[in-house]
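Remarks on the structure that follows.
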Amino acid sequence: GRPEFAVRTCGQLPPAFRTERWSTLCDLVESWSALPQERRVRVCWTLAKLGLYDDILDLVPQVQVGAIECDEAGAALAYLRAWARSKRWLDGEEDGFCADEFAVVALNAPPGMTRIDAAYEMVRQSAKHRGDAMECVHWQTVHMAAIDSATSLDDHTRTLMLSRYHRVGAFIPQFRGDADAVDADMALAEDLARSASRDDP
């Protein structure tokens with residue numbers, strides 16, 4: 001009931017409605033070319049969480065494989081561009097999206113969170129949007145390899161990534177109609193999530 005808030009980019013929100021933090025986000029978007037790569041990634045994650053996919057696609061051109069391979073920031077920007085395109089595709093606003101955009105990141109990103117996220121997304125895409133059980137199995141293997149290769153993860157983050165691994169992996173026995181195996185995967189995902197440290201912010 002408040003159409004003035006239904007914006008597609010952060011800059012479309014009328015100044016009268018902007019908080020200080022929203023204005024800061026607008027300033028960061030406007031100064032994009034001067035931002036270091038790591039800050040660009042943080043800005044794009046904020047835009048993604050706010051559903052401002054048009055901003056991401058305006059800011060991030062298609063990322064070449066060489067830029068994905070060379071550092072985590074380049075890989076993260078490629079992932080976030082694919083994420084924005086996938087969300088617009090689900091809304092019927094992006095005709096040319098293909099899940100292979102995540103595959104390029106999963107196979108070429110340096111070891112770390114972006115490689116894990118992209119491999120996870122390939123399992124999810126294979127299950128939910130392609131309905132391809134064999135592809136799901138293949139990408140789940142890549143997903144585990146991505147988790148194992150990320151040696152810099154702290155115990156807390158690794159535990160959460162393993163929980164998510166088993167949660168998305170439950171699609172595989174679901175394809176086979178194996179309810180007990182689905183239940184086992186989901187129970188393990190829950191146990192891992194509950195075992196993660198919660199003693200600090």
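In what follows, every heavy atom counts, from backbone to side chain, and hydrogens, waters and symmetry copies are set aside.
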Has Asp155 got more than 12 heavy atoms of other residues, nucleotides or ligands less than 6.0 Å from its CG?
no
Give, for atom CG of Leu13 and atom CZ of Phe5, the distance between the pair rounded to the nearest 0.5 Å.
6.5 Å
Any non-hydrogen side-chain atom of Leu160 less than 4.5 Å from a side-chain atom of Arg164?
no
To the nearest 0.5 Å, how far apart are CD1 in Ile172 and SG in Cys136?
4.5 Å
Quick one: does Thr157's side chain get under 4.5 Å of Met113's, heavy atoms only?
yes
Say you draw a straight line from CG of Asp191 to OG of Ser163; how long is it, rounded to the nearest 0.5 Å?
9.0 Å
Under 3.5 Å, is there a donor-acceptor pair linking the side chains of Glu135 and His138?
no
With salt bridge (charged side-chain N to carboxylate O under 4.0 Å, His left out) as the test, would you mind laying out the steps for Asp55 and Arg81 before giving the verdict?
CA-CA 10 Å; Asp55 266 330; Arg81 178 179 167 79; over 6 Å; no
Carboxylate-amine/guanidinium proximity below 4.0 Å for Arg194 and Glu190
yes
Group every Ile, Leu, Val, Met, Phe, Trp and Tyr by side-chain heavy-atom contacts under 4.5 Å, then state whether Trp45 and Val105 land in the same group.
yes
Do you reckon Leu192 sits in the same ILVMFWY cluster as Ile147, going by side-chain contacts under 4.5 Å, direct or chained?
yes
Using a 3.5 Å distance criterion without hydrogens, assess whether the side chain of Thr141 forms a donor-acceptor pair with backbone atoms of Val137.
yes
Check the pair Arg167, Leu188 against side chain to side chain contact (heavy atoms under 4.5 Å, CB included), reporting the backbone distance first and the verdict last.
CA-CA 8 Å; Arg167 191 174 75 235; Leu188 183 52; over 6 Å; no
Test salt bridge (charged side-chain N to carboxylate O under 4.0 Å, His left out) on Arg8 and Glu93 and set out the steps.
CA-CA 12 Å; Arg8 300 292 299 254; Glu93 299 176 352; 2.7 Å; yes
Shared hydrophobic cluster for Met122 and Leu77 (ILVMFWY, side-chain gaps under 4.5 Å):
yes
Within the 4.5 Å heavy-atom criterion, are Val43 and Trp32 side-chain neighbours or not?
yes
Whether Arg158 and Asp148 form a salt bridge (side-chain N of Lys/Arg under 4.0 Å from carboxylate O of Asp/Glu) is what I want to check.
yes
With a cut-off of under 6.0 Å to the ring centre and 45° to the axis, is Arg85 in cation-pi contact with Tyr53?
no
Tell me, do Thr151 and Pro111 make a side-chain contact under 4.5 Å, heavy atoms counted?
no
Locate the shortest heavy-atom distance separating Ala106 from Ala118; write the atom from each residue and the value.
N-CB, 3.5 Å
Evaluate whether atom CZ of Arg130 has more than 12 neighbouring non-hydrogen atoms of other residues, nucleotides or ligands under 6.0 angstrom away.
yes
Locate the shortest heavy-atom distance separating Val41 from Ala76; write the atom from each residue and the value.
CG1-CB, 3.8 Å
Spell out, as yes or no, whether a donor-acceptor pair under 3.5 Å connects the side chain of His156 to the backbone of Ser197.
yes
Below 4.5 Å, heavy atoms only, C-beta onward: do Leu28 and Arg39 meet side chain to side chain?
yes
What's the spacing between Glu20 CD and Leu25 CG if we round to 0.5 Å?
13.0 Å
For Gly112 against Glu72, the heavy-atom pair lying closest together:
CA-OE1, 4.3 Å
Given salt bridge (charged side-chain N to carboxylate O under 4.0 Å, His left out), test Arg124 with Asp117 step by step and report yes or no.
CA-CA 10 Å; Arg124 199 180 72 83; Asp117 284 342; over 6 Å; no
Compare every heavy atom of Leu162 with every heavy atom of Met144, then report the nearest pair and how far apart it is.
CE-CD2, 3.8 Å
Any heavy-atom pair between the side chains of Asp58 and Val29 that's under 4.5 Å?
no
Do the side chains of Leu57 and Val60 join up, straight or via other hydrophobic residues, at under 4.5 Å, putting them in one cluster?
no
Within a strict 4.5 Å, meaning less than it, do heavy atoms of the His143 and Val168 side chains meet?
yes
Side chains of Gln125 and Ser86 in contact at under 4.5 Å (non-hydrogen atoms):
yes
Backbone N or O of Ala34 within a donor-acceptor pair of the Arg40 side chain at under 3.5 Å?
no
Please round to the nearest 0.5 Å and tell me the distance separating atom CD1 of Ile56 and atom CZ of Arg88.
10.5 Å
Please check: side-chain N/O of Arg18 versus main-chain N/O of Gly11, any donor-acceptor pairing under 3.5 Å?
yes
Would you say Tyr79 and Tyr165 are hydrophobically clustered, going by side-chain heavy atoms of ILVMFWY under 4.5 Å?
no
Anything under 30° is parallel, anything over 60° is perpendicular, the rest tilted; go ahead and classify Phe102 against Trp83.
perpendicular
Locate the shortest heavy-atom distance separating Val104 from Val65; write the atom from each residue and the value.
CG1-CG2, 3.9 Å
Counting only N and O atoms by type, is there a donor-acceptor contact under 3.5 Å from the side chain of Asp178 to the main-chain atoms of Ala181?
yes
Do side-chain atoms of Arg115 reach the backbone of Ala146 as a donor and acceptor pair under 3.5 angstrom?
no
Just say parallel, tilted or perpendicular for the rings of Trp89 and Phe97, cut-offs at 30° and 60°.
tilted
Minimal non-hydrogen separation, Asp71 against Gly74, with atom names
OD1-N, 2.8 Å
First locate atom OG1 of Thr46, then atom CZ of Arg21, and finally report the distance between them rounded to the nearest 0.5 Å.
10.0 Å
